[in-house]
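Please read the structure below before turning to the comments.
The chains referred to below are lettered A, B, ... by the order of the sequence lines, with proteins before strands, and numbering in each begins at 1. Atoms considered below: every heavy atom in the structure, side chains included; atoms not considered: hydrogens, waters and symmetry mates.
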Amino acid sequence: MKKYAIILAAGKGTRMKTELPKCAYPLLKKPMIAYIVENLYKSTVIDELITVVGHKKQVIKDILNSRVSYAYQEEQLGTGHAVMMCKDQVTEPGYTIILPGDMPLIDELVIKEAIVYHEKAKNDLTVVSTNLADPSGYGRIIKKNNQLEAIIEEKDATDKQKEINEVNTGIYIVDNKLLFSSLDKISNDNAQNEYYLTDIVKIIKKDNYKISTYLLKKSFKAMGINDLYALSQAESILRHEINKKFMRSGVAMINPDTITIGDNVLIEENVTVSPNTYITGNSVIKKNAKVGPSTEIHNSKIGENVTVKHSLIYNSEVKANSTVGPFAHLRDGAVIGENNRIGNFVEIKKSSTGDFFKASHLAYVGDAEIGNDVNFGCGSITVNYDGRNKYKTQIGNDVFVGCNANLIAPIIIDDNSTIAAGSTLDKNVPKDTLAIARSYQVNKENYFKNGKRYKDKK
Amino acid sequence: MKKYAIILAAGKGTRMKTELPKCAYPLLKKPMIAYIVENLYKSTVIDELITVVGHKKQVIKDILNSRVSYAYQEEQLGTGHAVMMCKDQVTEPGYTIILPGDMPLIDELVIKEAIVYHEKAKNDLTVVSTNLADPSGYGRIIKKNNQLEAIIEEKDATDKQKEINEVNTGIYIVDNKLLFSSLDKISNDNAQNEYYLTDIVKIIKKDNYKISTYLLKKSFKAMGINDLYALSQAESILRHEINKKFMRSGVAMINPDTITIGDNVLIEENVTVSPNTYITGNSVIKKNAKVGPSTEIHNSKIGENVTVKHSLIYNSEVKANSTVGPFAHLRDGAVIGENNRIGNFVEIKKSSTGDFFKASHLAYVGDAEIGNDVNFGCGSITVNYDGRNKYKTQIGNDVFVGCNANLIAPIIIDDNSTIAAGSTLDKNVPKDTLAIARSYQVNKENYFKNGKRYKDKK
Amino acid sequence: MKKYAIILAAGKGTRMKTELPKCAYPLLKKPMIAYIVENLYKSTVIDELITVVGHKKQVIKDILNSRVSYAYQEEQLGTGHAVMMCKDQVTEPGYTIILPGDMPLIDELVIKEAIVYHEKAKNDLTVVSTNLADPSGYGRIIKKNNQLEAIIEEKDATDKQKEINEVNTGIYIVDNKLLFSSLDKISNDNAQNEYYLTDIVKIIKKDNYKISTYLLKKSFKAMGINDLYALSQAESILRHEINKKFMRSGVAMINPDTITIGDNVLIEENVTVSPNTYITGNSVIKKNAKVGPSTEIHNSKIGENVTVKHSLIYNSEVKANSTVGPFAHLRDGAVIGENNRIGNFVEIKKSSTGDFFKASHLAYVGDAEIGNDVNFGCGSITVNYDGRNKYKTQIGNDVFVGCNANLIAPIIIDDNSTIAAGSTLDKNVPKDTLAIARSYQVNKENYFKNGKRYKDKK
């Protein structure tokens with residue numbers, strides 16, 4: 001017996017009013033469809049995942065890659081039609097869970113529990129339902145003697161039926177053979193000229209197969225995303241769940257409503273996150289770190305005991321016991337050693353630093369490899385670009401770079417050297433060397449004797 | 001028939017505990033009174049707007065200018081007295097809508113619907129009422145056979161009357177002639193010695209004119225602002241409405257509770273706004289832009305496909321396909337061309353840049369005109385100030401300014417020139433020129449042979 | 001008669017999953033235990049405070065110092081055992097209020113009112129109770145004829161008893177002699193082998209002493225903090241109370257949910273705080289100041305009419321009429337004079353400035369004393385560190401420091417002098433002097449005649 005999942009991701013999502021196909025739209029920087037697929041994997045109960053793609057299908061495929069196989073729906077002729085497209089791929093006996101691709105809060109628990117229910121009940125078809133305080137717009141679950149009798153769409157419902165709070169979520173678990181035999185019988189004889197997946201319920205019911213509903217208690221998990229406002233509501237739920245999970249596991253958050261953390265971020269114990277902080281991608285924050293306030297970290301690794309504040313760290317790594325910020329930018333490919341101090345108004349890009357590196361203020365380090373115990377003075381710059389190409393800077397150990405120095409790359413500064421403040425260097429510096437390139441100071445005394453030079457006050 | 005609006009804006013607002021007169025106090029950087037006036041204009045049903053000013057009247061007049069005419073209330077002797085001050089200006093037959101100036105959430109819909117109701121009902125007086133869960137402190141609407149019988153103030157109400165949830169909002173629509181004839185009859189024979197506008201209701205009622213209430217369903221719209229805490233509550237409602245409107249129209253917002261957007265901002269489709277972002281004034285964000293996180297934009301225009309992060313943009317413009325930030329500051333009067341890159345720790349002030357301008361790090365551009373295809377190296381500065389005056393810098397096309405260069409203005413750098421890194425220039429640079437002003441590098445070898453120069457580690 | 005308070009702070013707080021002992025954990029940067037102690041002081045009704053410490057006791061003692069006396073509980077054998085440790089210190093007749101150290105929202109009002117109740121009721125024991133919508137997990141208050149009959153723990157409660165909403169907060173007021181005589185009778189004959197303080201209730205009850213409950217109406221005040229999620233909930237309540245208090249007293253807050261203000265901060269009237277701002281420690285914001293957005297201020301004093309935006313101010317002072325930011329950093333020990341302008345990408349550390357000092361862009365001022373009317377040009381740096389030691393810079397009055405100048409400390413720049421842009425100075429500058437250290441500009445014309453120098457576009 002084989003268990004399939006079919007994820008419906010062919011739609012455009014007109015009400016999103018954006019260029020991406022709906023299921024590709026990001027929720028905390030991760031596409032909605034990726035949540036479904038990751039949660040199906042986490043549930044560990046599905047053998048094969050099939051995603052039905054259509055509108056801008058390549059966008060969906062670039063997100064999911066080989067994590068799923070694909071069925072194509074060239075024209076969007078309804079959800080029933082979308083599932084039909086999978087017929088050639090669902091070949092083994094067993095059952096299939098069908099999920100809309102715009103329900104990112106359906107987690108592995110829901111999937112597992114619905115499938116356990118389906119198996120225990122020995123159902124041919126399980127409809128996942130939920131109770132909504134305001135059911136308007138949804139298909140109502142009609143029951144008789146507590147048995148599923150029919151699903152009635154809003155437009156076909158009587159006033160009495162409209163009062164029913166139990167609705168169809170659009171998630172089904174159904175026997176594979178039965179699924180496609182019943183799909184063969186549905187028609188598009190309706191206002192939209194679409195083939196509705198829901199229509200299989202009455203067909204299967206008529207043939208006296210075993211059907212029942214699995215009631216999802218936490219109805220917010222079945223929230224379908226139709227516009228960007230709904231997306232923000234799902235995001236709000238997800239954000240609170242993520243933050244709560246971290247706080248319960250030993251992460252302190254100050255004003256957590258202002259802290260936005262993505263679904264794939266890992267944060268260890270005894271970390272403090274300060275207000276207005278935004279952490280996304282595959283970021284990892286190791287224990288005892290202090291992050292924020294007003295900090296953004298994306299796809300980066302923050303080591304133990306590291307402090308980061310008022311900074312942006314992007315695709316970079318900061319090793320243990322270092323401090324970053326305020327107002328520092330680790331741009332892309334920065335690998336910061338242990339016990340570093342990256343201070344204010346410092347940018348580091350595609351560079352690695354050894355231990356005990358300091359760039360405390362107003363410096364730019366780009367395309368550089370830097371050894372241990374190096375001090376990069378205030379205003380110092382790796383001049384890595386000549387208008388045509390980028391060049392590398394190599395700095396050894398125990399080097400002191402004076403303030404406002406320009407190191408014109410390609411350049412090598414060897415161990416135990418010092419660059420005098422205000423120097424612009426275009427030649428290598430051997431070890432143990434003092435390199436200097438500056439003019440002598442001239443004091444023109446009594447130059448301003450008869451008046452104030454600097455007048456602009458008050 | 002002429003339709004007047006009278007807006008009551010003479011009060012001080014003692015409980016605000018601030019220096020501004022209450023109605024001038026800003027809500028998302030726009031004065032409360034401006035909301036009322038703009039919404040009256042949007043309703044398109046009013047012929048003439050009169051604002052009653054008194055306390056610090058010039059502040060209100062500076063906000064509204066010629067958008068309204070003014071009546072003066074020298075002494076604040078009550079709302080009835082305030083309206084009396086308009087007598088000479090309300091000369092034509094017709095009716096008048098009277099609005100407190102501290103109800104910024106009264107929108108054009110409320111105004112329109114109340115007026116439509118007044119006309120349809122052929123009323124002489126319409127009292128706008130609303131239902132409050134906690135009506136304490138408000139004048140209760142007493143009805144008999146569903147007809148307005150009286151408005152009873154809290155202090156005069158019986159316990160039974162205090163249970164009534166329908167209250168007077170303080171908004172009235174009333175026949176012009178009747179308004180002033182009834183105002184002539186009210187007295188200040190009360191604890192505060194004030195003339196209360198409410199008192200016209202019983203006078204008009206007694207004379208058997210046609211009176212009824214228009215019930216405002218969304219009672220929050222009639223929220224009056226008495227202190228800064230109430231202001232923050234109105235702001236919260238307004239912010240959520242503004243954000244929801246944008247999300248519904250195709251603007252993605254990540255953690256929208258941390259995003260603060262003013263009432264006059266325009267944002268096009270397919271824009272993403274990241275957390276902790278603050279956009280105010282007459283800002284326009286064109287489609288496909290990405291704004292935030294931790295960004296402030298005021299009175300500025302952000303072009304298509306522009307990216308702005310961790311930055312402040314004030315009274316400036318950024319043209320299409322450019323990127324700004326992180327930690328950039330467009331100070332005032334910056335006009336950034338297309339495909340620019342304004343990187344970290346860069347300030348641009350009163351300057352224009354051509355296309356493909358780059359100032360990627362640690363630069364200051366002030367009072368400059370810059371052509372196309374110019375690169376402004378890291379640490380480069382337009383030296384625009386000598387302690388007395390500011391001077392201009394002019395840079396042509398295809399110019400490369402090396403790192404940490406100082407361009408002492410007034411200065412002209414002509415096309416296709418290069419400034420060597422570390423140079424301080426005080427003369428113009430003709431086209432096709434390499435300009436250089438620096439000392440030769442001297443390497444004093446073996447200078448530190450017998451010990452480490454740089455000792456300060458661990 | 002002597003009134004004691006015993007605060008229970010010996011526990012580890014395993015569910016916090018952090019290294020600090022639970023009661024030392026900060027809430028808005030102030031330890032939980034400090035709230036209790038400060039509020040006991042504010043209540044002015046307690047004669048002597050005793051804190052029971054155990055796990056990492058020194059951490060608690062470093063927080064409270066001599067504000068309390070200490071009792072030691074070497075092994076954590078239960079709350080009853082903890083109180084027993086105070087026996088030698090509670091020697092006078094009178095009564096004792098016993099408080100868990102993890103209830104930071106118990107304010108002076110609760111303390112005062114409970115004690116007034118205890119005295120008026122002439123009780124031997126008062127149990128502070130509260131009503132919880134969800135009482136599960138708490139000891140239920142069992143009453144008979146409205147008299148306290150017993151406290152039944154969740155595990156011992158019948159289904160009927162479990163429905164009772166009134167619960168024990170864990171706060172008691174009890175006669176001193178009776179407290180210790182009843183503690184002598186409790187046993188650790190239970191699942192945890194602990195001595196429970198609650199057990200004194202049934203002992204005292206049995207002996208017919210006068211007992212009753214004081215019902216705390218605002219049950220959130222008795223919230224005990226067991227994990228970091230609960231801490232965030234207490235913080236949320238506290239933050240809203242703090243912000244509301246300030247708004248009611250004339251502080252305008254834009255999007256106050258994003259504004260995080262500590263318990264000991266003082267803010268005067270007519271101040272505006274913009275979004276995403278974080279103010280903590282013993283900070284003081286004087287009237288008419290404007291603070292934020294995206295600003296952090298810790299332990300600092302902001303003078304009248306000062307503007308601070310997008311900046312970090314730490315252990316510093318800004319005097320009246322100055323502006324700071326955006327993107328400025330007053331690091332530690334900065335004392336900024338009046339009418340200063342500290343602009344973008346400027347760091348000031350352990351320095352004082354006179355009046356009318358300006359450092360508008362990209363500057364570093366460290367270990368400096370600066371007079372009045374000084375302009376510090378863009379990119380200028382006090383070179384205060386040679387890799388081994390830090391040195392001082394002294395600047396007189398009326399000094400103009402040109403752009404990208406390096407002042408190599410120790411150095412003295414006397415009154416009415418000017419430093420030319422791009423100069424690196426290592427000698428003192430007498431008064432009235434123009435100091436210059438730079439190379440002449442050479443224009444190599446026609447250098448790029450046959451092609452473009454700067455190619456990297458598009």
Segment of A/N443 engaging chain C (4.5 angstrom heavy-atom cut-off):
both
Less than 4.0 angstrom from a charged side-chain N to a carboxylate O is my criterion; do C/D432 and A/K449 meet it?
no
What residue in A/V251, A/T258, A/D257, A/N344 has the most heavy-atom pairs under 4.5 Å with chain C?
A/N344
Across all chains, not counting sequence neighbours, the side-chain hydrogen bond (donor to acceptor under 3.5 Å, both in side chains) partners of A/N321 are A/N305
Heavy-atom contact with chain C under 4.5 Å, split by part of A/R438:
side chain
Select, from A/N255, A/N270, A/V442, A/I254, the one with the greatest count of heavy-atom pairs under 4.5 Å involving chain C.
A/N255
Winner by heavy-atom pair count (cut-off under 4.5 Å) against chain C, out of A/G402, A/A421, A/P275, A/S274:
A/P275
Max heavy-atom pair count under 4.5 Å with chain A, selected residue of C/I419, C/L27, C/N276, C/V383
C/N276
Pair A/E268, A/L266 - check side chain to side chain contact (heavy atoms under 4.5 Å, CB included), show working.
CA-CA 7 Å; A/E268 296 187 355; A/L266 296 176; over 6 Å; no
Residues forming a side-chain hydrogen bond (donor to acceptor under 3.5 Å, both in side chains) with A/S439, sequence neighbours excluded
B/S439, C/S439
Is it the case that C/D332 and C/N315 place a side-chain donor and acceptor less than 3.5 Å from each other?
yes
Looking at A/S249, A/P256, A/P293, which has the largest count of heavy-atom pairs under 4.5 Å with chain C?
A/P293
Chain C contacts, top residue of A/K444, A/M253, A/K309, A/E269 (heavy-atom pairs, under 4.5 Å):
A/K444
Is the ring pair A/F327/A/F345 parallel, tilted or perpendicular, if the boundaries are 30 and 60 degrees?
parallel
Heaviest contributor of heavy-atom pairs below 4.5 Å to chain C, chosen from A/N243, A/T272, A/V271, A/N446, is A/N446
Side chains of A/Y385 and A/D367: any donor to acceptor distance under 3.5 Å?
no
Most heavy-atom pairs under 4.5 angstrom with chain A, which of C/M16, C/K17, C/R15, C/E296?
C/K17
